[in-house]
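Note that these values count all heavy atoms, side chains included, but never hydrogens, waters or copies made by symmetry. Starting from 1, each residue takes its place in the sequence as its number.
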Amino acid sequence: MHLLPKKIPWFTIAITSIFILSLTLRFWGLGRFNTLVFDEVYYAKYAVNYLNGREVFDAHPPLGKYLIALGIWLYQLFSQFFPIASQNANDLTGQVLPAVSYRWMNALVGSCIPLVVSGIAYQLSDRRSYAIIAGFLMAIEGIFLVESRYALINIYLVFFGLLAQWLVLQSTQLSSPKKELFLLGSGICFGASVSVKWNGLGFWLGVVGIYSIVRSIKLITSNLSLGNHFKSIESENPNINLSLFPRFANLKLSQILLNWVCVPTVIYWLVWIPHLQFNPTETFRSLHQQILSYHQTGVGTGSDVHPYCSRWYTWPLMLRSISYFYERSTHSEPNSIIPPLPRYLSEGIYDVHLLGNPILWWLSSAAILIFVCQFIEKILESISSKYGSLNLTKDDFIIVYLMMNYAANFLPWIFVRRCTFLYLYMSALVFAILALAWIIDRWWNSDRPQSKIFTISTISIVFLALIFWLPIYLGLPLSPAQFQIRMLLPSWV
């Protein structure tokens, strides 16, 4: 079903518009606060230390800090040849730098994430409408917007993990030698994701889980009698297409071991080489023992450790947000860290909250719940059917793919007892948003007129929510009353 005439490249226009929107939201006022925000006090300093060849110890692998350092280096390089407008510099990193210099790389990478999500949606479904909806929802998600505007590292973990998955999906539709090239790229990106933080392994686990399911189906159907049995099911119902799942099953075990085990391992080891050169007293093994010990015993749990700790089961409902920056201001008390207060405010609050777009967040959690219910219903139907088998359609593959990746990035946190934070849900949130986008796309492509009304209404409400909460994503000035009305739950403050 074509939404608009073919002659106009509407898909290209839509994706380009999403990218421009992402860039605008992430780069607008990027140097607004002339200070270090939240964990910039660690990561921006570590990046400067790498540039200056000084020793660094962090509880995470070094790739994220390398990329921030690369951004600083490129900023300094281009500023020698081209005048780059920025706000006043600060020396809080140990070197005099404008805030934009250690933030712009995050903003650029964060702007690309909606494009990768659109690519994954399209590879899963071959539906342009699904790709557009998924990309747009990712562009206006608050937690990704905030994380993209500061020198933090979660955005790199998600970018490399998603890019790896897109490369995997793309490889299943290619023949050699392009297939091997894309699989190699996926292995490099899997390794890069884990080289930012260990929980980047969730993206790898999701794909391996899907591959394991698909291989199991292939082994079952390889039996002659079962194979004929499944073929009879397909012939009776044209909507059933079991060949969709073996897209992954066509990957050879040798390809998996090489590209998803050996390559990520080598990439992870290579990433540590510069760090070890700057820390000659340490070894690869000793560093990992220190990091593991830190995560096991060096961080406690509960509000006594950090006021914004939150347990994993609170994340889907976003019960606890994080204040990244908070400053009160009046006209009589100028502050060099924040911009002057607008004339229409006698007292103002500059706040940056790590808060997702609440409407989008809660709807995406509901979408995952709907997927789980649909899958359970599918299993129950298969048990009661006359064939007693699981009939798999293209839609089922999408549901299984998203649920598996959501679970792989979310459920392992059940076993973590240390203090955890809302931003650890970012990897799982992507697949919840993809699930919501799939449901919205089904509404849009439905023959019922009211379904299109649901689509337009839902997307409009989510966009209005972005506008309403935008001041606390971008750190725009608010009156105390305006700020308070945006804190819907007492636990958000």
Side-chain angles (χ1 to χ4, degrees), residues 38-39 59-61 64 138 141-144 146-147 152-158 161-162 165 193-194 196-210 291-324 353-373 375-376 400-436 488-493:
F38 197 62
D39 280 349
H60 302 293
M138 279 303 305
E141 166 45 40
I143 194 171
F144 281 89
V146 173
E147 284 280 325
L152 309 172
I153 61 176
N154 296 301
I155 212 72
Y156 300 117
L157 177 153
V158 175
L162 291 175
Q165 295 219 351
S193 184
V194 180
V196 177
K197 280 186 175 182
W198 287 348
N199 53 296
L201 194 64
F203 293 99
W204 179 86
L205 286 173
V207 169
V208 170
I210 292 292
I291 293 174
L292 184 61
S293 175
Y294 174 83
H295 288 294
Q296 288 179 335
T297 61
V299 181
T301 185
S303 58
D304 292 339
V305 175
H306 197 286
Y308 292 108
C309 288
S310 59
R311 296 302 304 275
W312 63 272
Y313 51 80
T314 67
W315 298 341
L317 296 178
M318 200 169 59
L319 298 182
R320 185 63 169 152
S321 63
I322 308 174
S323 179
Y324 274 10
H353 241 71
L354 188 75
L355 183 74
N357 183 320
I359 306 301
L360 175 56
W361 195 291
W362 294 328
L363 287 177
S364 65
S365 296
I368 283 292
L369 185 60
I370 290 172
F371 271 25
V372 171
C373 293
F375 190 69
I376 292 174
V400 171
Y401 187 92
L402 297 181
M403 284 199 313
M404 175 61 71
N405 277 286
Y406 179 85
N409 283 281
F410 178 53
L411 295 184
W413 293 107
I414 295 174
F415 306 102
V416 176
R417 294 292 177 261
R418 53 155 288 185
C419 177
T420 52
F421 300 92
L422 183 65
Y423 53 68
L424 297 172
Y425 185 66
M426 289 173 63
S427 301
L429 177 62
V430 175
F431 298 99
I433 291 175
L434 278 164
L436 175 62
L488 295 183
L489 302 180
S491 57
W492 287 358
V493 180

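Expressed to the nearest 0.5 Å, how far CG of Leu489 lies from OG of Ser321 amounts to 8.5 Å. Note: Leu422 CG to Arg311 CZ = 14.5 Å, rounded to the nearest 0.5 Å. Taken from NZ in Lys197 to CD1 in Ile153, the straight-line distance is 5.0 Å, to the nearest 0.5 Å. The CG atom of Leu429 lies 10.5 Å from the CG atom of Asn409; values are rounded to the nearest 0.5 Å. Here the OH atom belonging to Tyr406 is positioned 13.0 Å from the CG atom belonging to Leu434, to the nearest 0.5 angstrom. Summarising the geometry, atom OH belonging to Tyr313 is positioned 9.5 Å from atom CG belonging to Leu319; distances are rounded to the nearest 0.5 Å.
The two atoms that bring Ala408 and Gly206 nearest to each other are CB-N, 3.6 Å, heavy atoms only. Nearest heavy atoms, Gly200 versus Ser193: CA-OG, 3.4 Å. Across every non-hydrogen atom of Ser365 and Pro316, the tightest pair is OG-O, 2.6 Å. Residues Gln165 and Tyr401 come closest through the heavy atom pair OE1-OH, 2.7 Å. Among all heavy-atom pairs drawn from Phe421 and Cys309, the shortest one is CE2-N, 4.1 Å. The nearest pair of heavy atoms linking Pro412 to Ala407 is CD-O, 3.4 Å.
Applying the ring-ring contact (aromatic ring centres under 6.0 Å, His included) criterion to Tyr425, with sequence neighbours excluded, gives Trp361, Phe410. Partners of Leu201 by side-chain contact (heavy atoms from CB on, under 4.5 Å), not counting sequence neighbours, listed by chain and number: Val194, Trp204, Leu205. Among residues two or more places apart in sequence or in another chain, the side-chain contact (heavy atoms from CB on, under 4.5 Å) test is passed with Met403 by Phe371, Val372, Phe375, Ile399.
Between Phe431 and Phe203, the ring planes are tilted. Angles from 30° to 60° get that label.
Counting heavy atoms from C-beta on, the side chains of Leu152 and Tyr423 never come closer than 4.5 Å.
For the side chain to side chain contact (heavy atoms under 4.5 Å, CB included) with Tyr324, the lone residue among Leu355, Asp39, Leu354 that qualifies is Leu354.
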**Request:** Please lay out, stage by stage, how Leu424 and Trp312 fare under the test side chain to side chain contact (heavy atoms under 4.5 Å, CB included).
**Result:** CA-CA 9 Å; Leu424 297 172; Trp312 63 272; over 6 Å; no
